[in-house]
Visitor: 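What follows is a structure written as structure tokens; I'll ask about it next.
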Amino acid sequence: MPTNPEHVRVRFAPSPTGLLHIGGLRTALTNYLFARHHGGTLILRIEDTDRARFIEEAEADILHSLSWAGITVDESPQRGGPFEPYRQSERSESYARAAAVLVESGHAYLAFDSADEIEQLRQRHRSESNPNPRYDLETRLEMKNSLSLSAEEVSVRLERGDAHVVRLKVEPGQSLAFTDLIRGDVEFQSDTIDDQVLVKSDGLPTYHLANVVDDHAMQITHVIRGEEWLPSTPKHILLYRAFGWTAPVMAHLPLILSPSGGKLSKRSAERAGIPVSVAEYIKSDYEPEAVVNFLALLGWNPGSEKEFFTLEELVEAFSFDRVGQAGIQFDLDKLKWFNEHYLRGKTASELVPRARIELEKVGIQCDNARLEDVIDLMRERISFVKELVNSPYLFADPTDYDARSVSKRWKEDSSKLVTDYADAIAELPEFTVEALEEALRALADENGVGAGRIIHPVRLAVSGISHGPGLFELLHVLGKESCVRRMFTAAEVLGE
RNA sequence: GCCGCGUUCGUCUAGGGGUUCAGGACGCCGCCCUUUCACGGCGGUAACACGGGUUCAAAUCCCGUACGCGGUACCA
């Protein structure tokens with residue numbers, strides 16, 4: 001068992017309540033980079049203590065998302081490890097034991113209040129100046145708990161099997177300070193925090209208890225998580241103190257904001273066209289390298305002007321010194337730019353399987369060799385692999401001709417020039433890019449017109465539109481028969 | 001409301017008291033390349049929230065205000 005305090009041990013601890021959020025992947029990535037940078041250990045712990053929100057498929061989605069991004073973990077429910085099990089639902093006894101210790105030592109107490117009674121407490125104290133009354137040292141004596149009830153009453157209730165929770169007994173006047181790796185010194189006063197529920201009435205622990213118990217048991221040295229956890233850190237500090245344990249070093253990452261400001265919620269993200277779950281990025285055909293690179297640069301900068309990083313390079317360069325503290329707006333354009341970059345860096349054969357999936361979705365047939373040619377033709381013109389299907393002319397004869405392009409490019413002599421060119425290339429001994437161009441320029445000379453006078457109508461004839469890859473490369477990929485056929489068809493359809 | 005955390009171009013950021021009338025990237029605009037559209041190259045646009053201090057000197061340090069964000073659950 002690793003007991004060397006110098007050995008970095010961090011954990012990514014998602015809750016299986018749905019598809020892994022892009023912000024969750026960022027947290028996982030940061031943990032990964034920090035662990036690998038220090039030659040440490042990354043643990044995946046599934047925090048499934050919320051039965052109401054539990055989703056069966058979520059764990060598989062988390063695993064799939066991490067592996068898609070190239071994030072490997074060392075200890076997990078699947079890989080096992082020295083601190084098994086790695087699912088909190090399987091560690092219930094240790095939380096129950098821990099809670100008993102706290103009650104025993106007076107750091108926690110039992111509370112029998114129903115949801116209704118708590119709601120009444122809130123209503124009782126709610127006012128303009130106190131919109132969210134707490135269950136805390138001010139109010140706990142008004143409630144039914146082992147602090148307000150007699151010992152007899154408590155044991156009667158317990159024997160009767162009354163539902164109850166365990167609450168943290170927060171003592172007044174304590175300073176709860178810690179040094180955050182990203183924010184520096186942070187201090188809270190115990191008077192401002194409530195008697196947090198540690199064990200729910202279903203017997204399962206809340207995040208706060210489970211998290212502290214497990215981080216200690218698993219010898220976690222650094223807790224790296226989102227800033228939304230910053231306000232609950234003092235509660236955790238209180239728990240570490242109550243147990244007599246040393247708290248891990250904390251690092252609270254700035255939150256990812258939606259472009260309109262505010263948390264990147266499902267709604268705000270969708271409005272901005274931003275995928276929220278990693279599954280959507282996978283489905284939308286993002287390059288994982290692009291997402292990783294982009295995510296790493298959210299709130300962190302390498303201190304140089306380098307912007308493209310492989311995972312290995314990120315591991316090498318990562319440091320908390322260069323993590324910012326302010327929330328970061330999600331910039332979809334920048335992500336797209338990264339995606340284009342990584343797309344261009346991939347070979348056609350690498351991209352073929354993914355392209356094929358997209359083609360199949362819309363029922364396009366195409367053999368591999370041809371598909372590779374198409375990818376080479378289009379790679380610099382698309383942002384995502386799936387955009388290949390937006391150019392159907394690459395796979396089939398155009399069914400119509402863009403009206404604006406026709407009026408701009410199809411002149412009175414186009415029909416003749418295009419068919420003449422079709423005749424010329426039909427005769428070509430070698431259907432090469434060079435020969436194709438030579439033939440066209442020769443034809444232009446013969447007719448005393450500029451090459452563009454033929455090039456544009458030909459493009460329109462074979463593709464139905466007026467923009468796209470270099471014409472001769474396009475013709476070459478399309479093949480002789482197809483080109484000739486398309487040109488004659490266009491001449492017939494568009495006429496004079 | 002209370003508690004906490006923030007605040008440099010539209011966005012991500014560099015910058016840690018003088019060498020910065022603030023550098024890079026995305027976006028946007030223009031030019032070049034060019035048969036189109038892209039790619040690429042070049043150039044341009046645009047920021048230290050505000051007010052007080054401290055100091056010879058502040059984007060940089062301190063305080064306050066404003067604004068933003070997070071938390072304020074038997075959710076994580």
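Values reported hereafter were calculated over all heavy atoms of this structure, with side chains retained and with hydrogens, waters and symmetry mates removed. Order of the sequence lines sets the chain letters (A, B, ...), proteins ahead of strands, with each chain counted from 1. What you see is a predicted model, and the numbers here were worked out from it, not measured in a lab.
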Visitor: Tell me the interatomic distance from A/Leu475, atom CG, to B/U36, atom P, rounded to whole angstroms.
Guide: 15 Å
Visitor: Which nucleotide, B/C75, B/A25, B/U36, lies nearest any side-chain atom of A/Arg459?
Guide: B/U36
Visitor: Indicate whether OP1 or OP2 belonging to B/C2 is found under 4.0 Å from a side-chain N or O atom of A/Asn130.
Guide: no
Visitor: If each of A/Leu335 and A/Gly327 is mapped to the nucleotide of RNA chain B with the nearest heavy atom, which maps nearer the 5' terminus, i.e. the 5' end?
Guide: A/Gly327
Visitor: Can you figure out which of B/C74, B/G1, B/G70 approaches the side chain of A/Val165 most closely?
Guide: B/C74
Visitor: How about A/His341 and A/Phe308: are their ring centroids closer than 6.0 Å?
Guide: yes
Visitor: Report the distance from atom NE2 of A/His341 to atom P of B/G40, rounded to the nearest whole Å.
Guide: 10 Å
Visitor: Looking across every strand, which nucleic acid part, if any, lies under 4.0 Å from A/Phe338 by heavy atom: base, sugar-phosphate, or nothing?
Guide: nothing
Visitor: Do any N or O atoms of the protein come closer than 3.5 Å to N or O atoms of nucleotides 3-5 of chain B, and which pairs are they?
Guide:
residue	atom	partner	partner atom	Å
B/C5	O2'	A/Arg183	NH1	2.6
B/C5	O2'	A/Glu227	OE2	3.1

Visitor: What contact category does A/Gly299 fall into here, base, sugar-phosphate, or nothing, at under 4.0 angstrom with non-hydrogen atoms?
Guide: sugar-phosphate
Visitor: A/Arg379 side chain N/O closer than 4.0 Å to the phosphate oxygens (OP1, OP2) of B/A38?
Guide: no
Visitor: Can a salt bridge be assigned to the pair A/Asp420 and A/Lys416 using a cut-off of 4.0 Å between side-chain N and carboxylate O?
Guide: yes
Visitor: Should we count CZ of A/Arg267 as having more than 12 external heavy atoms under 6.0 Å?
Guide: no
Visitor: Please confirm whether the shortest side-chain N or O distance from A/Arg453 to OP1 or OP2 of B/U35 is below 4.0 Å.
Guide: no
Visitor: Side chain of A/Ser201 only, heavy atoms from C-beta on: which candidate in B/C74, B/U35, B/G70 is closest?
Guide: B/C74
Visitor: Kindly say if A/Lys200 contacts the phosphate of B/C75, meaning a side-chain N or O under 4.0 Å from OP1 or OP2.
Guide: yes
Visitor: If you look at every strand shown and take non-hydrogen atoms under 4.0 Å, does A/Asp113 touch a base, only sugar-phosphate, or nothing?
Guide: base
Visitor: Closest approach to the side chain of A/Glu380, judged atom by atom: which nucleotide of B/U35, B/G1, B/A38 is it?
Guide: B/A38
Visitor: Does A/Lys346 have more than 12 heavy atoms from other residues, nucleotides or ligands lying within 6.0 Å of its NZ?
Guide: yes
Visitor: Are any protein N/O atoms closer than 3.5 Å to N/O atoms in nucleotides 8-11 of chain B? If there are, list each pair with its distance.
Guide:
none

Visitor: Establish, with yes or no, whether the OP1 or OP2 oxygen of B/U35 is under 4.0 angstrom from a side-chain nitrogen or oxygen of A/Arg409.
Guide: no
Visitor: With a non-hydrogen cut-off below 4.0 angstrom, is A/Arg225 in contact with a base, only sugar-phosphate, or nothing?
Guide: nothing
Visitor: Of all heavy-atom pairs between A/His252 and A/Asp180, which one has the smallest distance, and what is that distance?
Guide: ND1-OD2, 2.7 Å
Visitor: Students often get this wrong, so: under 4.0 angstrom with heavy atoms, is A/Pro469 touching a base, only sugar-phosphate, or nothing?
Guide: base
Visitor: Do A/Asp397 and A/Arg486 sit within salt-bridge range, that is, some charged N less than 4.0 Å from a carboxylate O?
Guide: yes
Visitor: Under a 3.5 Å limit for both distances, which nucleotide forms a Watson-Crick or G-U wobble pair with B/A14, could you say?
Guide: none
Visitor: Which nucleotide, B/A76, B/C69, B/C74, lies nearest any side-chain atom of A/Tyr207?
Guide: B/A76
Visitor: Short of 4.0 Å, heavy atom to strand atom, which residues of residues 267-274 of chain A count as contacting RNA chain B?
Guide: none
Visitor: What nucleotide, of B/C26, B/A76, B/U72, holds the atom closest to the side chain of A/Ser15?
Guide: B/A76
Visitor: Between B/C39 and B/G30, how far apart are the two P atoms, rounded to whole Å?
Guide: 14 Å
Visitor: Under 4.0 Å between a side-chain nitrogen and a carboxylate oxygen: does that hold for A/Arg45 and A/Glu59?
Guide: no
Visitor: Given A/Phe294, which partner from the list A/Tyr281, A/Phe330, A/Trp300 fulfils the ring-ring contact (aromatic ring centres under 6.0 Å, His included) test?
Guide: A/Phe330
Visitor: Using atom CZ of A/Arg381 as one end and atom C1' of B/G40 as the other, report the distance to the nearest whole Å.
Guide: 12 Å
Visitor: Ignoring backbone atoms, establish whether A/Thr206 has a side-chain N or O less than 4.0 Å from OP1 or OP2 of B/C75.
Guide: no
Visitor: Provide the distance between the two C1' atoms, one in B/G17 and one in B/A58, to the nearest whole Å.
Guide: 6 Å
Visitor: Identify whether any heavy atom of A/Ser405 sits under 4.0 Å from a base atom; if not, whether one sits that close to sugar-phosphate; answer base, sugar-phosphate or nothing.
Guide: nothing
Visitor: If you count every heavy atom of other residues, nucleotides or ligands that lies below 6.0 Å from A/Glu119 atom CD, does the total exceed 12?
Guide: yes
Visitor: For the pair made of CD1 in A/Ile256 and P in B/G68, what is the distance, rounded to whole Å?
Guide: 21 Å
Visitor: Counting only Watson-Crick or G-U wobble pairs whose two distances fall under 3.5 Å, which nucleotide matches B/C42?
Guide: B/G30
Visitor: State which of B/U72, B/U36, B/C74 makes the closest approach to the side chain of A/His456.
Guide: B/U36
Visitor: Between A/Lys263 and B/G71, is there a contact of a side-chain N or O with OP1 or OP2 at under 4.0 Å?
Guide: yes
Visitor: How long is the line joining CD of A/Glu473 and C1' of B/C39, in whole Å?
Guide: 13 Å
Visitor: For B/C39, does the O4'-C1'-N9-C4 (purine) or O4'-C1'-N1-C2 (pyrimidine) torsion place it in syn, i.e. within 90° of 0, or in anti?
Guide: syn
Visitor: Using both distances under 3.5 Å as the test, list the Watson-Crick or G-U wobble partner of B/A66, or none.
Guide: B/U7
Visitor: Over 60° means perpendicular and under 30° means parallel, so tell me whether A/Tyr207 and A/His236 are parallel, tilted or perpendicular.
Guide: tilted
Visitor: Which atom names give the shortest non-hydrogen contact between A/Pro14 and A/Ile62, and what distance separates them?
Guide: CG-CD1, 3.7 Å
Visitor: Indicate yes or no: does A/Glu340 engage A/Arg344 in a salt bridge with an N to O separation below 4.0 Å.
Guide: yes
Visitor: Going by the angle between their ring planes, with limits at 30° and 60°, are A/Phe338 and A/Tyr342 parallel, tilted or perpendicular?
Guide: parallel
Visitor: Where the side chain of A/Asp50 is concerned, which of B/A25, B/A38, B/C75 is the nearest nucleotide?
Guide: B/C75
Visitor: Using the P atoms only, state how far B/C33 lies from B/A22, rounded to an integer number of Å.
Guide: 32 Å
Visitor: Which residue in the set A/Lys263, A/Arg183, A/Arg26 passes salt bridge (Lys or Arg N to Asp or Glu O under 4.0 Å) when paired with A/Glu227?
Guide: A/Arg183
Visitor: With heavy atoms under 4.0 Å as the rule, sort A/Asn301 into base, sugar-phosphate or nothing.
Guide: sugar-phosphate
Visitor: Decide, yes or no, whether a salt bridge links A/Arg134 with A/Asp195 under the criterion of side-chain N to carboxylate O below 4.0 Å.
Guide: no
Visitor: Across the strands shown, which category fits A/Gly468 at heavy-atom distances under 4.0 angstrom: base, sugar-phosphate, nothing?
Guide: base
Visitor: Starting from P on B/A38, measure out to CG on A/Leu474 and report it in whole angstrom.
Guide: 16 Å
Visitor: Whole Å only: how far is the OH atom of A/Tyr393 from the P atom of B/U36?
Guide: 15 Å
Visitor: Using only heavy-atom distances, decide whether a donor-acceptor pair under 3.5 angstrom links the side-chain of A/Arg134 to the base of B/U72.
Guide: no
Visitor: Hey, does A/Arg344 reach any base, or is it just sugar-phosphate, or nothing, if we go heavy atoms under 4.0 Å?
Guide: sugar-phosphate
Visitor: Just to be sure I understand the rule, does A/Gly262 reach a base, reach only the sugar-phosphate, or reach nothing, if contact means heavy atoms closer than 4.0 Å?
Guide: sugar-phosphate
Visitor: How far does the C1' atom of B/G24 sit from the matching atom of B/U8, given to the nearest Å?
Guide: 13 Å
Visitor: Does atom CD (A/Glu313) have a neighbourhood of more than 12 heavy atoms from anything else shown, all under 6.0 Å?
Guide: yes
